[in-house]
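A, B, ... follow the sequence lines: proteins, then strands. Residue 1 opens every chain.
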Amino acid sequence: MNNLEAAWSLNEIADLLEIKGENPYKIRAYKRAAASITNLQLNLEDLYKEGSLRDVPGVGKAIAEKLEEMITTGKCSMLEKLREEIPPVFRSIPQLPGVGLHAARVIYNNTDIKDLEQLERAARQRKIRALPGLGPKTEVNIIRGLEIIKTQRDSSPLNLASASAEILVGFLSSLDITHRVALSGSIRRGKDTVHDVDIVASVDDKKFIAENFAKHPHVKEVSQSTDNRIEGLTWLGVKFDVMLVEEQEFIPVLFWTTGSKEFFRELTVFAAGKGCRLTGNQVIVDDRVVPVKDEKEIFELLGLSYIPPEIRESPEVIRA
DNA sequence: CAGTAG
DNA sequence: AGGCCTTACTG
DNA sequence: GCCT
């Protein structure tokens, strides 16, 4: 917990209080304290140790307690409570150009809007301009802002990632030493933003691939390369991670790398309860490696109905 | 003047 | 207890 | 909420 993080938290508290319609002076107090800490040359944790948090301008009893909690636990219960209380859409509203906290507050206190979809509908039905203190201007800004968000989503890193993914998968598939190639990770889970391109490939000569991947014209650099794994960057600025596996490992590795991390970890726990071990690259029952030809077999083995990659986000889906 | 932005 | 209240720009 |  550094000074900047603490300041950000206080600022977020101020914003959420403002959306709620709290006392303006209280809001300003949080903002002042945040600004004060942002400019502070001393380290907050040091000040806490010597018990002089309240020497910081704008930090009184209440805010000092919040800082203490943040420093000792890394969290702020007040902030967490506010985040629960106020739907995420109201943290998006002030991000829209020309729409600020005031509009967020009015909408929060005068409507039942709970998500972006409802907000857009209300705006298009001209319900926003009817709210006290808000006019056509705000309404138009909301609609325009939402449009911008959408188009940015459409041209988001996913497009670049997909382009790189297609090229790399195409390259691997074209080799006659390749058996199977599949996209994995967050792309396979259908996420609209991805951090990198994950590919699983079963090939006859892993070493050959590892040594020659860097020569592909679409590959800008290979940062790490072993016989089993190649990490690097494409000319489109997309990171990639290629897992090279034996044919019998293909499905277990695909399953593992598809994730999400939380989902897979929870499933290993669940499997353990059924006497089944899921490692990164094999499925083991009674100390014997069980060959699997597709993911469906893994779920059948565990007595689960098939869970498609798109919903392998949180562990909750396992219990369903 | 009200609302927004920094 | 009671005061605190940015400033500048835009429509 | 902070400050005087």
Side-chain angles (χ1 to χ4, degrees), chain A residues 1 3-48 50-73 75-111 113 116 119-120 122-124 126-149 152:
Chain A
M1 173 64 58
N3 289 17
L4 225 41
E5 289 176 284
W8 287 336
S9 292
L10 294 180
N11 236 328
E12 187 174 352
I13 288 175
D15 287 349
L16 295 175
L17 289 176
E18 183 159 359
I19 291 170
K20 278 189 65 177
E22 257 284 5
N23 179 347
Y25 294 117
K26 179 189 290 192
I27 294 163
R28 203 168 310 148
Y30 274 96
K31 292 231 183 236
R32 268 209 315 261
S36 173
I37 289 172
T38 301
N39 299 324
L40 194 62
Q41 297 298 322
L42 304 169
N43 186 305
L44 273 184
E45 299 202 22
D46 294 339
L47 293 180
Y48 168 68
E50 57 190 63
S52 50
L53 274 181
R54 293 189 58 173
D55 292 346
V56 178
V59 175
K61 183 171 182 291
I63 292 182
E65 283 173 7
K66 269 79 175 180
L67 291 174
E68 177 175 356
E69 184 189 1
M70 287 191 262
I71 290 168
T72 55
T73 72
K75 303 185 307 178
C76 178
S77 49
M78 178 190 189
L79 176 55
E80 290 178 357
K81 191 177 173 187
L82 286 168
R83 281 172 175 165
E84 282 183 36
E85 185 177 346
I86 299 173
V89 60
F90 293 102
R91 279 181 270 166
S92 305
I93 289 175
Q95 306 298 320
L96 307 175
V99 188
L101 284 168
H102 176 76
R105 179 177 64 78
V106 174
I107 295 171
Y108 180 74
N109 289 305
N110 293 281
T111 73
I113 289 173
L116 280 177
L119 176 66
E120 179 168 18
R124 293 196 184 285
R126 307 195 170 193
K127 299 277 180 60
I128 299 299
R129 68 180 67 191
L131 298 173
L134 302 187
K137 193 91 188 167
T138 301
E139 191 172 86
V140 169
N141 286 341
I142 288 174
I143 294 173
R144 192 168 45 82
L146 291 175
E147 288 302 327
I148 291 173
I149 287 180
Q152 280 182 346

Handout entry: side-chain contact (heavy atoms from CB on, under 4.5 Å) involving P94(A) - partner list, sequence neighbours excluded
Key = L101(A), A104(A)
Practice task
Find the distance N11(A):CG to dG1(D):C1' and express it as a whole number of Å.
Solution key: 15 Å
Handout entry: Contact pattern, 5' to 3', of nucleotides 5-11 of chain C - B, S or - by protein heavy atom under 4.0 Å
Key = BS----S
Practice task
Compare every heavy atom of I142(A) with every heavy atom of I107(A), then report the nearest pair and how far apart it is.
Solution key: CD1-CD1, 4.0 Å
Handout entry: Test: E85(A) and K81(A) ion pair at under 4.0 Å
Key = no
Practice task
Kindly give the heavy-atom pair with the smallest separation between I19(A) and Y108(A), and that separation in Å.
Solution key: O-CD2, 3.5 Å
Handout entry: P-based separation of dC1(B) from dT6(C) [nearest Å]
Key = 16 Å
Problem - Sugar-phosphate, base or nothing in reach of G133(A), heavy atoms under 4.0 Å - result: sugar-phosphate
Problem - Minimum heavy-atom distance I113(A)-L119(A), with the two atoms named - result: CG2-N, 3.8 Å
Show each protein N/O and nucleotides 4-6 of chain B N/O combination with a separation under 3.5 Å, one pair to a line.
residue	atom	partner	partner atom	Å
dA5(B)	OP1	G98(A)	N	2.5
dA5(B)	OP1	V99(A)	N	3.4
dA5(B)	OP2	V99(A)	O	3.4

Exercise for the section: Send over the distance from L53(A) CG to dC2(D) P, rounded to a whole Å. Expected result: 12 Å
Handout entry: Interatomic distance at P, dA5(B) relative to dC4(C), whole Å
Key = 28 Å
Practice task
Under the salt bridge (Lys or Arg N to Asp or Glu O under 4.0 Å) rule, collect the residues that match up with R54(A), sequence neighbours excluded.
Solution key: none
Handout entry: Residue list, ring-ring contact (aromatic ring centres under 6.0 Å, His included) with Y48(A), at least two apart or on another chain
Key = none
Practice task
Could you measure between the two P atoms, the one in dC5(C) and the one in dC3(D), and give it in whole Å?
Solution key: 13 Å
Practice task
Check side-chain contact (heavy atoms from CB on, under 4.5 Å) between N141(A) and all other residues, then give those that pass, not counting sequence neighbours.
Solution key: V99(A), K137(A), R144(A)
